[in-house]
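Scroll down for the structure; my scribbles are underneath it.
Remember, it's a predicted structure, so these values are computed and weren't measured experimentally. Values below: every heavy atom of this structure, side chains too, minus hydrogens, waters and symmetry copies.
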Amino acid sequence: MRALPIRLDAVLVQAVIAAALSFAHLHDLASAAGQHGWKAWAYPVSVDLLLVAAWRRLRSGGAKAAGWCWFLVALTASLGANVSTAGLLDLGTVPAWLRILVAGWPAVAFLGGTLLAHGATSVTQAEGRESAPEPMAPEPSASAPQLAAAEPEPIPPSASAVPPALITLARKVADEHRTRTGSPIDISTLRARLGVPLPLAEAIATQLT
């Protein structure tokens, strides 16, 4: 396999050196404040992780106030350790207030990390809901059978369109039917006697009433 070339970035090298020095200062301060063993090494890890979480929140573009708040808290803890271990503080006799700050730091780091993590999740879900495209209605397939257009219903002829001779004949048929049966002729009988379509028979019946 071909070996990949390794490029050294001066900024990256400087960042690694600065992180190592800050890590060592935080370890020394935690150890001087009574946190021995693995606990002294866990303090710089929590500070650096909180810095990274706050920086990721700032890069995400949402809820920058919370990101800046916790970024400044973690940066203050890191700078405070660097300044305290630079000869301004006697690590052999650490004051009580500094021991209290060091002992309370894990709870602060846990709170900040939890808020940053859960806040980033809610922001991502909200952006996902806003950017989700609306479902589009399916386009009709070209092969789908199209419904035949409904044929227009025939318009019945108006009463004025009926020939007068046909009305006269219908009136005679209606009179004969009344004389024979004693009741007025119905449309079905009138249609059968005249031999005309039903719409025309209905138009004639309106002239007989």
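Both Leu51 and Trp68 are part of a single hydrophobic cluster, where members link through side-chain heavy atoms under 4.5 Å apart. Linking ILVMFWY residues whenever their side-chain heavy atoms come closer than 4.5 Å, directly or via other members, leaves Phe110 and Phe71 in distinct clusters. Leu101 is connected to Leu111 through a chain of hydrophobic side-chain contacts under 4.5 Å among Ile, Leu, Val, Met, Phe, Trp and Tyr, so both are in one cluster. Under a hydrophobic clustering in which Ile, Leu, Val, Met, Phe, Trp and Tyr are joined whenever their side-chain heavy atoms come within less than 4.5 Å, directly or via other members, Ile17 and Val45 fall into different clusters. Residues Trp38 and Val102 do not share a hydrophobic cluster, defined by chaining ILVMFWY side chains whose heavy atoms lie under 4.5 Å apart.
Annotation: side chain of Ser183 is not in contact with side chain of Arg178 (no heavy-atom distance under 4.5 Å). Using a 4.5 Å heavy-atom threshold, the side chains of His177 and Pro184 count as separate. Side-chain atoms of Trp105 and Leu50, non-hydrogen and from C-beta on, do get closer than 4.5 Å to each other.
A distance-only check finds no donor-acceptor pair linking the side chain of Ser78 to the backbone of Leu75 [under 3.5 Å]. Side chain of Ser31 to backbone of His27: no donor-acceptor contact under 3.5 angstrom is found.
The minimum heavy-atom distance linking Arg57 with Leu116 is given by the pair NH2-O, 2.7 Å. Heavy-atom minimum distance, Arg191 versus Val196: CG-O, 2.9 Å. For the pair Val47 and Ala74, the tightest heavy-atom approach, listed with the atom from each and the gap, is CG1-O, 3.6 Å. Minimum interatomic distance between Arg99 and Gly34 (heavy atoms only, all atoms of both residues): NH1-N, 3.9 Å. Shortest non-hydrogen contact noted between Val94 and Ala32 is CG2-O, 3.4 Å. Here the closest non-hydrogen pair linking Trp70 and Val108 is CZ3-O, 3.6 Å.
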- request: Go through the steps for Val173 and Thr189 under the test side-chain contact (heavy atoms from CB on, under 4.5 Å), then give the verdict.
  value: CA-CA 10 Å; Val173 171; Thr189 304; over 6 Å; no

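Note: His25 NE2 to Thr85 OG1 = 4.0 Å, rounded to the nearest 0.5 Å. Here Tyr43 contributes atom OH and Phe23 contributes atom CZ; the two are 13.5 Å apart, rounded to the nearest 0.5 Å.
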